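Scroll down for the structure; my scribbles are underneath it.
Note that the coordinates shown come from a computational prediction; the quantities given were computed from them, not determined experimentally. Keep in mind that the numbers below use all heavy atoms, side chains included, and drop hydrogens, waters and symmetry copies.
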Amino acid sequence: MADFLDMLTSHVSRSVAEGVADGGDESGAERSDARTLLTRVAFESLADGLSDDRVASMLRVLGWDGDVPCFAIAGRPAVNAAATMQAVERAVTDLGGESPVCGVRDGVVAAVIRIEAAVRPEVVCTAVSPAFGGDAVANGIDGNGSGTGNGTVADRDDADEAGTQAGARDETANGSNGPLCLGPVRHGVAGAAATLGAALTTLQAAPALTPGSPGDSSGVAGVSGARTARPVRGVTLLRAEDALPERALLGDPDARRELVNVVYGSLAGTNPDDPTMLTVSTFLASGGSLETTARTLNVHPNTVRYRLKRAADSTGWDATDPREAYVLTTAIALGRMHAEH
């Protein structure tokens with residue numbers, strides 16, 4: 001495998017260099033095929049969590065050099081994977097960015113995208129959302145990734161048929177193909193692997209955030225209990241931070257680091273006399289009872305209420321909110337286990 005990656009990287013580098021000099025159709029086609037293959041291998045490597053020197057070399061050939069900021073998106077295609085990947089590439093290049101590292105894993109289309117020019121996470125998600133979650137036909141994206149909205153009867157018939165097929169797929173998925181998931185902003189090759197993993201595990205975690213019944217209307221794509229999830233042109237945008245506990249359960253190392261270093265770390269603080277951790281952990285262990293917490297700590301309930309409010313202000317997580325209490329509980333458990341090693 002190592003020799004193959006070395007040979008592939010070397011081959012694409014030569015193809016790009018020679019293609020610039022030759023400029024012929026054949027060399028251009030060969031260069032395109034080599035770049036496509038290299039992108040595919042780079043995507044699979046990042047999706048497997050690899051970020052060694054060989055992966056860095058592949059990304060350099062693709063134009064990714066240095067500690068570049070990047071993010072990832074992942075979701076189920078509205079029509080097919082090819083159309084969705086083309087829509088993502090087109091959106092990024094239209095915003096002034098270089099081609100993203102796109103790929104397909106288990107029917108999910110994902111892409112790692114550099115932050116440059118006008119390329120920003122929210123902007124890209126808004127631009128590509130019609131290609132995800134079953135909204136593509138309504139927005140004029142056909143199975144080849146091109147527009148279909150010229151108004152002809154044949155086009156409308158094709159769109160109706162595609163819509164029926166998409167609807168059938170949606171019904172088998174409890175009414176939705178799932179949200180469009182957005183990984184956190186990270187830097188460099190290791191960051192590219194981390195944000196791609198986060199986007200993919202967020203999509204895996206999405207069923208744990210769904211309401212009890214398929215007909216529940218609390219979320220556009222059936223996602224509830226998330227602080228920042230919101231509809232984007234008919235598809236719910238779900239950020240990786242909305243699924244930290246679920247991602248940790250799936251073994252996502254980036255989520256574990258976030259819970260331990262950021263959430264648990266903000267509770268623990270640096271002052272051993274700070275009562276924040278003790279108050280929050282006691283409150284969570286009591287089932288959210290102010291009175292029980294106050295008796296356990298031998299303080300007035302108003303003191304507990306004040307400390308919880310201060311903790312929410314300083315950490316960004318409110319122990320009195322059921323969803324955020326779950327995040328805090330998970331972070332405390334992981335943090336305590338991490339502290340023992």
Side-chain angles (χ1 to χ4, degrees), residues 179 181-184 194 197-213 216 218-219 222-230 236 238-341:
C181 297
L182 174 61
L200 290 169
T201 55
T202 300
L203 189 61
Q204 283 184 272
L209 295 170
T210 57
S213 62
D216 197 312
S218 60
V223 177
S224 65
R227 299 196 301 176
T228 60
R230 64 178 183 84
T236 291
L238 181 61
R239 294 177 179 272
E241 68 187 61
D242 291 327
L244 282 174
E246 292 79 11
R247 287 169 51 209
L249 287 172
L250 289 168
D252 185 338
D254 193 72
R256 289 175 176 266
R257 282 191 296 268
E258 184 82 10
L259 287 167
V260 173
N261 297 340
V262 179
V263 182
Y264 178 81
S266 64
L267 287 175
T270 57
N271 182 1
D273 296 326
D274 188 334
T276 299
M277 174 64 79
L278 178 61
T279 302
V280 171
S281 60
T282 303
F283 178 76
L284 295 171
S286 74
S289 170
L290 286 171
E291 291 74 16
T292 302
T293 304
R295 284 197 302 271
T296 302
L297 299 179
N298 196 27
V299 297
H300 193 278
N302 284 342
T303 301
V304 175
R305 187 177 288 109
Y306 168 76
R307 290 179 180 177
L308 292 175
K309 174 65 165 59
R310 189 179 63 180
D313 291 341
S314 63
T315 67
W317 298 92
D318 185 358
T320 64
D321 178 87
R323 170 63 187 177
E324 297 188 25
Y326 176 52
V327 175
L328 289 166
T329 299
T330 307
I332 291 172
L334 288 173
R336 286 173 173 170
M337 288 187 286
H338 181 76
E340 289 297 317
H341 293 82

_Pro275 vs Arg310 side-chain heavy atoms within contact, under 4.5 Å_ = yes
_Arg323/Glu246 salt bridge by N-O under 4.0 Å criterion_ = yes
*asked:* For a side-chain contact (heavy atoms from CB on, under 4.5 Å) check, start with the C-alpha distance between Ser266 and Met277, then their side-chain angles and the critical distance, and finish with the verdict.
replied: CA-CA 9 Å; Ser266 64; Met277 174 64 79; over 6 Å; no
*Please step through side-chain contact (heavy atoms from CB on, under 4.5 Å) for the pair Thr292 and Arg295, ending with a clear verdict.*
CA-CA 5 Å; Thr292 302; Arg295 284 197 302 271; 3.5 Å; yes
*Please check if atom CG in Asn298 has more than 12 non-hydrogen atoms from other residues, nucleotides or ligands closer than 6.0 Å.*
no
_Using 0.5 Å steps for rounding, measure from the CE atom of Met337 to the CD1 atom of Ile332._
12.0 Å
*Could I get the full list of side chain to side chain donor-acceptor pair (under 3.5 Å) partners for Ser286, not counting sequence neighbours?*
Thr293
*From Leu238 atom CG to Glu241 atom CD, the distance as rounded to the nearest 0.5 Å*: 9.5 Å
*Closest non-hydrogen atom pair between Ala255 and Leu244, with its separation*: CB-O, 3.8 Å
*Would you confirm whether Asp274, through its side chain, and Asn271, through its main-chain N or O, come within 3.5 Å as a donor-acceptor pair?*
no
_Contact summary for Ala311 and Val280, nearest pair of heavy atoms_ = CB-CG2, 3.9 Å
*Rounded to the nearest 0.5 Å, how far does CG of Leu209 lie from OG1 of Thr236?*
11.0 Å
*Using 4.0 Å as the upper bound for N to carboxylate O, is an ion pair formed by Arg247 and Asp254?*
yes
*asked:* Could you report the tightest heavy-atom contact between Leu328 and Asp318, atom names first, then the distance?
replied: CD1-C, 4.1 Å
*Decide yes or no on side-chain contact (heavy atoms from CB on, under 4.5 Å) for Asn302 and Tyr306, but give the supporting numbers first.*
CA-CA 6 Å; Asn302 284 342; Tyr306 168 76; over 6 Å; no
*Say you draw a straight line from OG1 of Thr320 to CG of Leu284; how long is it, rounded to the nearest 0.5 Å?*
10.0 Å
*Is the shortest side-chain N to carboxylate O distance from Asp313 to Lys309 below 4.0 Å?*
yes
*To the nearest 0.5 Å, tell me how far Leu308 CG sits from Leu290 CG.*
6.5 Å
*To the nearest 0.5 Å, what is the distance between OG1 (Thr329) and CZ (Phe283)?*
10.0 Å
_Heavy-atom closest contact (Cys181 atom, Ala199 atom, distance)_ = CB-O, 3.6 Å
*asked:* The test is side-chain contact (heavy atoms from CB on, under 4.5 Å); show your working for Tyr264 and Leu334 and say whether it passes.
replied: CA-CA 8 Å; Tyr264 178 81; Leu334 288 173; over 6 Å; no
_I need the minimum non-hydrogen distance between Ala240 and Ala198, along with the two atoms involved._
CB-CB, 4.1 Å
*Checking Thr282 side chain against Thr279 main chain: does a donor-acceptor pair fall under 3.5 Å?*
no
*Over all atoms of both residues, closest heavy-atom pair of Leu259 and Ala331*: O-CB, 3.5 Å
